[in-house]
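One structure below.
So you know, we letter chains A, B, ... as the sequences are listed, proteins then strands, and number each from 1.
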Number of protein chains: 2
Amino acid sequence: MIRAARNAEMPQRPSVSQPKTARGEATKKAILAAAERVIGAKGYNDASIGHITSEAGVAQGTFYIYFKTKEDVFSELVLEMGRLVRHSIAEATQGIDDRLAAEKAGLQAFLEFVQAHPDLYRIVQEALFVDPEAYQAYYSAFADGYRDGLTEAALAGQISAGDPDTRAWALMGIARALGEQLVVFKSDKPIPELVASAYDLIENGIKP
Amino acid sequence: MIRAARNAEMPQRPSVSQPKTARGEATKKAILAAAERVIGAKGYNDASIGHITSEAGVAQGTFYIYFKTKEDVFSELVLEMGRLVRHSIAEATQGIDDRLAAEKAGLQAFLEFVQAHPDLYRIVQEALFVDPEAYQAYYSAFADGYRDGLTEAALAGQISAGDPDTRAWALMGIARALGEQLVVFKSDKPIPELVASAYDLIENGIKP
DNA sequence: CGCAAACATGAATACTGATTCATGTTTCAT
DNA sequence: ATGAAACATGAATCAGTATTCATGTTTGCG
């Protein structure tokens, strides 16, 4: 058995080859899409490589041409989710100068994304157990953006003063809870109503 | 206060014998405590029965005297977490008539509980993947209590009017996010500060 | 073309870990 | 004190499955 020195000093990721042809590209995409469906539906542990590859229509060995391990494909899905949802929100808030209005539009975009990609939502949640680093990276990226936005908005007088860290975490917690209502608890409350109620709370609080 | 008439049914579980002697009782408790530590630390899938029983100081077979399956012990832990945290909150809010003050005290109690029982916190989160029914039961019980409390408080004029379902979910989302800050992201922000910032937001919102 | 690299196959390997069971020990009501 | 029920043991079973590999097929460039 080959025992190459295993260390943490590998700068790049040459462990598996990136696809060099259109065919390889398509196959890798098919595996990723299948993994999203299968892992989203059955969970990480009950989703076997066999399930994923048969869903993708390729042989089991093909999986290891593009991914080093089962955890690897999972990590890529978490990263993909981060990219996609950030892109969705950025697009939805494009050109909105008022922070409150932007946050509202961002929440709406987030909930619509989650409803459209319930599998990705579950995968991010499961990352806390399968790939904690990816999980923390995902939420830290969001939290940093939120916090900076809140800090700027406070300076511009668009919102009241208050600890931006805690606020960022609280607002993310609200978004996540509402997303979970849609995906996990299968609430049929329309997204615009959820957003309106939540933003009334966020803007005005619940004091009489 | 939490009204608990909802689950008046005690589902019998004749699948395995309940302990009949003090000795059996102690052994079962030891296994449960070991399972909490091991599953909380390693996660459901990496926590083997062998790990749990050796941590408990009993033989592997002993596990199956008290639990039908590995999932079984996990479910009991989720139920235990629900009981304990509800008890903590009920105790902390005992005799507080003002809803806002009660919610604030409840949030503080929740965060203190979570900090004291990080393993149980992770177990409840993982229940979404290991035992979805237990997960939904856990959060539904909380949401129901929250919603009823908010509805009463609105009628009493203690808080403004607003959709109590969405508010309940949002408030739970905030509590959960702050708990995660403590346990997962290891924030060292003192709990009273977290609670103060969060309740300023909840009471007054962020409008200037 | 023609051929090297890229891609694909699926059976074989190697190992883990949940659950069972035959056997032994302790408890406690009588 | 005693025997039946309760409790405890841990080696054996048994199924699943991540990963490898030797072998074939396809692609695209010169």
Side-chain angles (χ1 to χ4, degrees), chain A residues 1-4 6 12-35 37-39 41-77 126 129-131, chain B residues 13-35 37-39 41-77 126 129-131:
Chain A
M1 173 188 306
I2 298 173
R3 286 202 55 94
R6 241 180 146 70
Q12 298 299 6
R13 37 178 75 235
S15 39
V16 285
S17 59
Q18 293 306 104
K20 310 278 196 225
T21 72
R23 187 194 181 199
E25 191 75 42
T27 301
K28 181 174 182 181
K29 275 212 177 90
I31 294 172
L32 261 177
R37 284 191 299 272
V38 175
I39 296 179
K42 308 169 88 90
Y44 179 78
N45 282 278
D46 290 348
S48 70
I49 304 296
H51 288 141
I52 292 170
T53 50
S54 95
E55 173 83 10
V58 300
Q60 278 198 204
T62 306
F63 180 92
Y64 291 90
I65 296 172
Y66 301 105
F67 303 97
K68 205 169 75 120
T69 64
K70 186 180 168 186
E71 236 186 87
D72 227 42
V73 74
F74 187 89
S75 300
E76 280 211 24
L77 287 174
E126 195 163 15
F129 305 99
V130 175
D131 187 348
Chain B
R13 33 180 66 237
S15 37
V16 285
S17 60
Q18 294 305 105
K20 310 279 199 222
T21 72
R23 186 194 180 199
E25 192 75 42
T27 302
K28 181 174 182 180
K29 276 212 178 90
I31 294 173
L32 261 177
R37 286 191 298 273
V38 176
I39 296 179
K42 308 169 88 88
Y44 180 77
N45 281 280
D46 290 347
S48 71
I49 304 295
H51 289 140
I52 292 169
T53 52
S54 95
E55 172 84 10
V58 300
Q60 276 195 216
T62 306
F63 180 92
Y64 292 91
I65 295 172
Y66 300 105
F67 303 97
K68 208 171 77 128
T69 64
K70 186 181 171 187
E71 236 186 88
D72 227 41
V73 75
F74 187 90
S75 300
E76 280 210 27
L77 287 174
E126 194 163 14
F129 306 99
V130 174
D131 186 348

(message) Given D/dA8, C/dC7, D/dC7, identify the nucleotide with an atom nearest to the side chain of B/Pro19.
(response)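 Given the options D/dA8, C/dC7, D/dC7, the side chain of B/Pro19 is closest to D/dC7.
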(request) Consider the side chain of A/Ile49, meaning its heavy atoms from C-beta on, and name the nucleotide among C/dA18, D/dC7, D/dA18 that approaches it most closely. (result) D/dA18
Would you say [N] has OP1 or OP2 under 4.0 Å from some side-chain N or O of [X]?
| X | N | answer |
| --- | --- | --- |
| A/Arg23 | C/dA8 | yes |
| B/Thr62 | D/dG10 | no |
| B/Thr21 | C/dT26 | no |
| A/Lys20 | C/dA6 | no |

Distance in angstrom units between [X] [atom1] and [N] [atom2], rounded:
| X | N | atom1 | atom2 | value |
| --- | --- | --- | --- | --- |
| A/Lys70 | D/dT19 | NZ | C1' | 12 Å |
| B/Asp72 | C/dA18 | CG | P | 14 Å |
| A/Tyr64 | D/dA18 | OH | C1' | 4 Å |
| A/Ile65 | D/dT20 | CD1 | P | 13 Å |
| B/Phe74 | C/dA18 | CZ | P | 14 Å |
| B/Lys28 | D/dA6 | NZ | P | 15 Å |
| B/Gln18 | D/dA6 | CD | P | 13 Å |
| B/Ile52 | C/dA18 | CD1 | P | 8 Å |

Decide yes or no for [X] and [Y]: does some side-chain heavy atom of the first lie under 4.5 Å from some side-chain heavy atom of the second?
| X | Y | value |
| --- | --- | --- |
| B/Ile31 | B/Val58 | yes |
| A/Tyr64 | A/Ile49 | yes |
| A/Leu32 | A/Tyr66 | no |
| A/Val73 | A/Phe63 | yes |

(message) Against A/Glu76, only a single residue in A/Lys70, A/Lys68, A/Lys28 fulfils salt bridge (Lys or Arg N to Asp or Glu O under 4.0 Å); can you say which?
(response)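 In the set A/Lys70, A/Lys68, A/Lys28, the residue that makes a salt bridge (Lys or Arg N to Asp or Glu O under 4.0 Å) with A/Glu76 is A/Lys28.
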(message) Both B/Ala22 and A/Thr69 contact DNA chain D. Which one's nearest nucleotide lies toward the 5' end?
(response) B/Ala22
(message) Here's a test of your reading of the structure: between B/Gly61 and B/His51, which maps to the more 5' nucleotide of DNA chain C?
(response)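 On the 5' side of the pair lies B/His51.
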(request) Confirm from the modelled atom types if A/Gln60 and D/dT19 form a donor-acceptor pair under 3.5 Å, side chain to base only. (result)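 Checked by distance alone, the answer is yes.
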(request) Report which part of the nucleic acid B/Ala47 touches: base, sugar-phosphate, or nothing (heavy-atom distance under 4.0 Å, all strands). (result)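 Sugar-phosphate only.
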(request) Answer with base, sugar-phosphate or nothing: what part of the nucleic acid does A/Phe67 contact at a heavy-atom distance below 4.0 Å? (result) nothing
